[in-house]
Amino acid sequence: MQRLLEYSTHHPSLVLFAVAAALAVLVYELRERARGAGAIGAQDVVRLMNQGALLLDVRSAEDYAAGHIRGARSLPAAQLADGLDTLKRYRDKPVVVYCDQGVSALGAMRTLTQAGFGRVANLRGGLRAWRAEHLPVARD
């Protein structure tokens with residue numbers, strides 16, 4: 001222990017660098033865990049769909065028309081705050097939000113949770129993960 005103290009007094013910049021690196025790793029890990037919270041896989045989404053869950057596509061209307069999960073409702077992320085009234089009957093039901101890669105759906109998930117929706121989840125990996133598992137995509 002004494003040698004550690006001696007080392008840290010002789011090399012304060014190296015000790016500060018090691019502490020900063022440890023903090024950076026800690027912050028990164030905490031952000032990744034928070035990002036994954038509420039994220040579910042495609043097979044879990046199928047199970048929830050069979051139980052009557054609402055699927056909410058928060059991509060643009062053009063992207064929705066190009067391909068979406070069958071039964072999903074289109075409500076672009078920019079219009080989500082204004083369209084919350086149309087979703088109030090789903091407040092007590094499971095709601096699965098998805099976008100193209102699963103990133104912008106996180107903000108929509110947060111908005112829905114703050115609006116009182118209790119069972120909100122995010123499709124991990126978004127529509128790309130859905131397609132990667134060769135699950136059906138509808139086109140309108």
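What's counted below: heavy atoms across the whole structure, side chains too, no hydrogens, waters or symmetry copies. Residue indices begin at 1 and follow the sequence shown. Please read these numbers as outputs of a predicted model, since none were measured by experiment.
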State, with a plain yes or no, whether a side-chain heavy atom of [X] is found less than 4.5 Å away from one of [Y].
X	Y	result
T9	V15	no
L123	V97	no
R73	L87	yes

Self-check item: For Q114, all residues meeting side chain to side chain donor-acceptor pair (under 3.5 Å), sequence neighbours excluded
Solution: none
Exercise. Using side chain to side chain donor-acceptor pair (under 3.5 Å) as the criterion, list what pairs up with E133, not counting sequence neighbours.
Key: Q43
Practice problem: Determine whether V137 and I69 fall in the same hydrophobic cluster, where Ile, Leu, Val, Met, Phe, Trp and Tyr are linked whenever their side-chain heavy atoms lie under 4.5 Å apart. | Solution: yes
Practice problem: Measure across A42 and L135 and return the closest heavy-atom pair with its distance rounded to 0.1 Å. | Solution: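 Here A42 and L135 meet closest at CB-CD1, 3.6 Å.
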Quiz prompt | G83 versus L75, closest heavy-atom pair with distance | solution = O-CD2, 4.2 Å
From [atom1] ([X]) to [atom2] ([Y]), nearest 0.5 Å:
X	Y	atom1	atom2	result
L84	F117	CG	CZ	6.0 Å
L80	L112	CG	CG	5.0 Å
N122	C99	CG	SG	6.5 Å

Quiz item: Tell me the salt bridge (charged side-chain N to carboxylate O under 4.0 Å, His left out) pairs involving residues 81-107, sequence neighbours left out?
Solution: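 Counting only pairs at least two positions apart or across chains, the salt bridge (charged side-chain N to carboxylate O under 4.0 Å, His left out) contacts touching residues 81-107 are D100-R128.
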Quiz prompt | Pairs where residues 121-140 contributes a residue and the test ring pair (Phe, Tyr, Trp, His ring centres under 6.0 Å) is met, not counting sequence neighbours | solution = none
Quiz item: Who else is in the cluster with M1 when I, L, V, M, F, W and Y are joined by side-chain contacts under 4.5 Å?
Solution: L4
Side chains of residues 47-67: which donor-acceptor pairs under 3.5 Å do they make with residues two or more places apart or in other chains?
{"unit_1": "N50", "atom_1": "ND2", "unit_2": "V46", "atom_2": "O", "d": "3.4"}
{"unit_1": "D57", "atom_1": "OD1", "unit_2": "R59", "atom_2": "N", "d": "2.9"}
{"unit_1": "D57", "atom_1": "OD1", "unit_2": "R59", "atom_2": "NE", "d": "3.0"}
{"unit_1": "D57", "atom_1": "OD2", "unit_2": "R59", "atom_2": "NE", "d": "3.2"}
{"unit_1": "D57", "atom_1": "OD2", "unit_2": "R59", "atom_2": "NH2", "d": "2.8"}
{"unit_1": "D57", "atom_1": "OD2", "unit_2": "Y98", "atom_2": "OH", "d": "2.9"}
{"unit_1": "R59", "atom_1": "NH1", "unit_2": "D63", "atom_2": "O", "d": "3.4"}
{"unit_1": "R59", "atom_1": "NH2", "unit_2": "D63", "atom_2": "O", "d": "3.4"}
{"unit_1": "R59", "atom_1": "NH2", "unit_2": "G67", "atom_2": "O", "d": "2.5"}
{"unit_1": "S60", "atom_1": "OG", "unit_2": "E62", "atom_2": "OE1", "d": "3.4"}
{"unit_1": "S60", "atom_1": "OG", "unit_2": "D63", "atom_2": "N", "d": "3.3"}
{"unit_1": "S60", "atom_1": "OG", "unit_2": "D63", "atom_2": "OD2", "d": "3.2"}
{"unit_1": "Y64", "atom_1": "OH", "unit_2": "H68", "atom_2": "NE2", "d": "3.4"}
{"unit_1": "Y64", "atom_1": "OH", "unit_2": "A72", "atom_2": "O", "d": "2.7"}

Quiz prompt | Among V120, V96, V95, the one residue meeting side chain to side chain contact (heavy atoms under 4.5 Å, CB included) with M109 | solution = V120
